[in-house]
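Source: prediction; values computed, not measured. The figures here come from the full heavy-atom set of this structure, side chains too, leaving out hydrogens, waters and symmetry mates. Numbers for residues simply follow the sequence, beginning at 1.
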Amino acid sequence: MNFSFWPDKETQQCEVTYKGTTYTGYMTLCAAITRAMEEGIPITDPKYFSQMSVEELGHVLRSDNETPMPMLQERHQVLTEGGRVLLEHGGSFRSFVSQAGNDARKMVELIVEKIPSYRDEATFEGKRISLYKRAQILVADFWGVMEARGEGDIISMDWLTMFADYRVPQALVYLGVLRYSDTLMQALKNGELLSSGDRREVEIRGCSIWSVELIRARLCELVKERDGQTCDINSAVIDFYLWPYAKQHHKEMAHIPIHHTRCIYY
């Protein structure tokens with residue numbers, strides 16, 4: 001359910017308060033899931049969430065103000081779909097993804113093959129473009145959990161790109177890595193909604209991916225020059241830096257508009 005948290009109006013943010021702290025954006029989802037677990041709702045059990053109703057999910061994701069979390073129907077659809085797939089493959093994400101061994105690339109390919117809602121694809125100049133933001137961040141989050149537990153090395157992490165969303169491109173523009181054309185900048189400042197697959201939307205996401213690849217290549221050069229060692233920084237780690245950076249510096253970046261695309265892919 002990790003997608004589309006931006007509000008229709010900046011003054012109308014969905015909010016979830018948990019243990020005295022009020023969260024917005026993606027963190028509303030984290031807070032709502034944690035709150036549900038404390039309330040005894042088996043929200044992490046696919047036997048439950050594969051069959052839960054829209055109303056039950058609406059209760060789990062309830063906000064603390066007048067603004068509901070966007071796309072409840074779509075979140076319900078992808079959650080129940082994912083739950084059914086997990087039940088068909090051992091009943092947990094870990095058992096499901098074990099079919100791919102410890103290979104990050106094979107994990108992404110498995111997720112995209114088995115769970116349709118992860119097929120984040122577009123057509124650009126007649127070619128199919130595969131962005132796979134949510135599939136890749138799912139594998140990267142799994143890698144992070146396994147690393148923290150000291151359980152098994154996951155190979156092919158270098159194959160993952162950054163996770164092309166709306167927040168990281170804003171940070172890349174702010175840092176001078178990307179530059180939007182005057183026409184694009186004005187369209188975004190006017191609040192124009194870009195449809196999923198719109199050429200401008202695909203270019204923003206695709207150029208963000210390539211920008212992070214260039215950053216990674218340069219970082220590895222600098223590490224080699226300084227330490228004489230091979231660099232083990234991957235694009236996921238760079239993304240894990242840029243996304244919180246964008247959140248922490250959102251006021252300084254307020255003059256740079258994020259692109260708005262209402263979809264299930266990011």
Side-chain angles (χ1 to χ4, degrees), residues 1-8 10 13-14 23-30 32-33 61 69-79 81-82 104 107-109 111-112 115-124 128-144 159-174 177-178 180 184 187-188 191-213 234-247 250 253 256-266:
M1 295 187 288
N2 180 9
F3 55 84
S4 200
F5 297 103
W6 53 270
D8 290 325
E10 285 299 322
Q13 291 263 12
C14 170
Y23 299 94
T24 60
Y26 164 69
M27 294 307 296
T28 58
L29 179 66
C30 301
I33 295 297
L61 301 181
M69 192 174 293
M71 302 184 78
L72 179 62
Q73 294 285 345
E74 290 84 355
R75 292 184 204 280
H76 176 261
Q77 183 177 343
V78 303
L79 183 64
E81 172 193 82
M107 288 180 189
V108 171
E109 291 170 345
I111 292 164
V112 171
I115 312 179
S117 60
Y118 283 91
R119 292 176 197 157
D120 176 11
E121 300 170 350
T123 300
F124 187 82
R128 191 187 75 172
I129 305 297
S130 304
L131 297 153
Y132 299 156
K133 184 266 184 181
R134 285 175 50 227
Q136 294 195 85
I137 201 170
L138 175 54
V139 171
D141 283 346
F142 181 67
W143 169 67
W159 182 80
L160 300 185
T161 70
M162 60 78 77
F163 318 122
D165 66 350
Y166 48 86
R167 183 67 71 186
V168 175
Q170 181 192 36
L172 292 171
V173 173
Y174 176 76
V177 182
L178 282 180
Y180 291 166
L184 175 59
L188 299 182
E192 184 177 341
L193 190 68
L194 305 185
S195 61
S196 181
D198 182 294
R199 182 187 178 94
R200 294 166 296 175
E201 184 247 4
V202 176
E203 285 186 356
I204 290 170
R205 300 180 75 203
C207 289
S208 296
I209 289 170
W210 188 239
S211 294
V212 172
E213 291 305 304
N234 57 51
S235 296
V237 170
I238 297 172
D239 189 289
F240 287 160
Y241 171 81
L242 288 172
W243 191 86
Y245 181 92
K247 289 288 285 184
H250 67 96
M253 296 185 195
I256 301 168
I258 64 171
H259 72 277
H260 287 142
T261 300
R262 191 68 84 186
C263 67
I264 66 170
Y265 300 120
Y266 62 97

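For the pair Leu188 and Leu194, the minimum side-chain heavy-atom distance is below 4.5 Å. Looking at Tyr166 and Thr261, their side chains never come closer than 4.5 Å, going by heavy atoms from C-beta outward. Between Ile204 and Tyr180, some side-chain heavy-atom pair lies under the 4.5 Å cut-off. Two residues are said to be in side-chain contact when any heavy atoms from C-beta on lie closer than 4.5 Å; Pro116 and Glu81 meet this criterion.
Residue pairs meeting the salt bridge (Lys or Arg N to Asp or Glu O under 4.0 Å) criterion with at least one partner in residues 199-209, sequence neighbours excluded, are Asp120-Arg205, Glu125-Arg199, Glu192-Arg200, Asp198-Arg200, Arg199-Glu203, Glu201-Arg205.
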Evaluate Met162 against Val168 for side chain to side chain contact (heavy atoms under 4.5 Å, CB included), listing each step before the verdict.
CA-CA 9 Å; Met162 60 78 77; Val168 175; 3.4 Å; yes
For side chain to side chain contact (heavy atoms under 4.5 Å, CB included), just list the numbers for Leu160 and Asp239, CA-CA rounded to whole Å, side-chain angles, deciding distance to a tenth of an Å, and then say yes or no.
CA-CA 11 Å; Leu160 300 185; Asp239 189 289; over 6 Å; no
Let me see the working for Phe3 and Arg75 under side chain to side chain contact (heavy atoms under 4.5 Å, CB included), right down to the final yes or no.
CA-CA 9 Å; Phe3 55 84; Arg75 292 184 204 280; 3.5 Å; yes
Pair Asp165, Ile137 - check side chain to side chain contact (heavy atoms under 4.5 Å, CB included), show working.
CA-CA 11 Å; Asp165 66 350; Ile137 201 170; over 6 Å; no
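Using cut-offs of 30° and 60° for the angle between ring planes, the His259 and Tyr266 rings count as tilted. The aromatic rings of Phe163 and Phe240 are tilted relative to each other, their planes meeting at an angle between 30° and 60°. Taking the six-membered ring where the residue is Trp, His260 and Trp6 present parallel rings, their angle staying beneath 30° rather than reaching 60°.
With sequence neighbours excluded, the residues forming a side-chain contact (heavy atoms from CB on, under 4.5 Å) with Gln73 are Val54, listed by chain and number. Every residue meeting the side-chain contact (heavy atoms from CB on, under 4.5 Å) condition with Leu138, not counting sequence neighbours, appears here in chain and number order: Phe93, Ile111, Tyr118.
Of the possible donor and acceptor atoms, none in the side chain of Arg134 sits under 3.5 Å from a partner among the backbone N and O of Tyr265. With Gln13 contributing its side chain and Pro7 its backbone, the two residues share no donor-acceptor pair below 3.5 Å. Side-chain N or O atoms of Ser4 include none that pairs as donor or acceptor with a backbone N or O of Arg262 at under 3.5 Å.
With rounding to the nearest 0.5 Å, the separation of CG in Asn2 from CD1 in Ile264 is 12.0 Å. To the nearest 0.5 angstrom, Gln136 atom CD is 13.0 Å from Trp143 atom CH2. For the atom pair CG of Leu61 and CG of Leu72, the computed distance is 6.5 Å after rounding to the nearest 0.5 Å. The CZ atom of Arg119 sits 11.5 Å away from atom OG of Ser130, with the distance rounded to the nearest 0.5 Å. Atom CE in Met27 sits 8.5 Å away from atom NZ in Lys247 (nearest 0.5 Å). Between Tyr245 atom OH and Gln170 atom CD the span is 11.0 Å, to the nearest 0.5 Å.
Heavy-atom contacts from other residues, nucleotides or ligands closer than 6.0 Å to OH of Tyr241 number 12 or fewer.
Here the closest non-hydrogen pair linking Ser211 and Leu172 is CB-CD1, 4.3 Å. Closest approach of Leu242 to Ala171, counting heavy atoms only: O-CB, 4.3 Å. What you find for Met1 and Phe5 is that their closest heavy atoms are O-CZ, 3.6 Å.
Thr161 and Glu213 form no side-chain donor-acceptor contact under 3.5 Å, judged by distance and modelled atom types alone.
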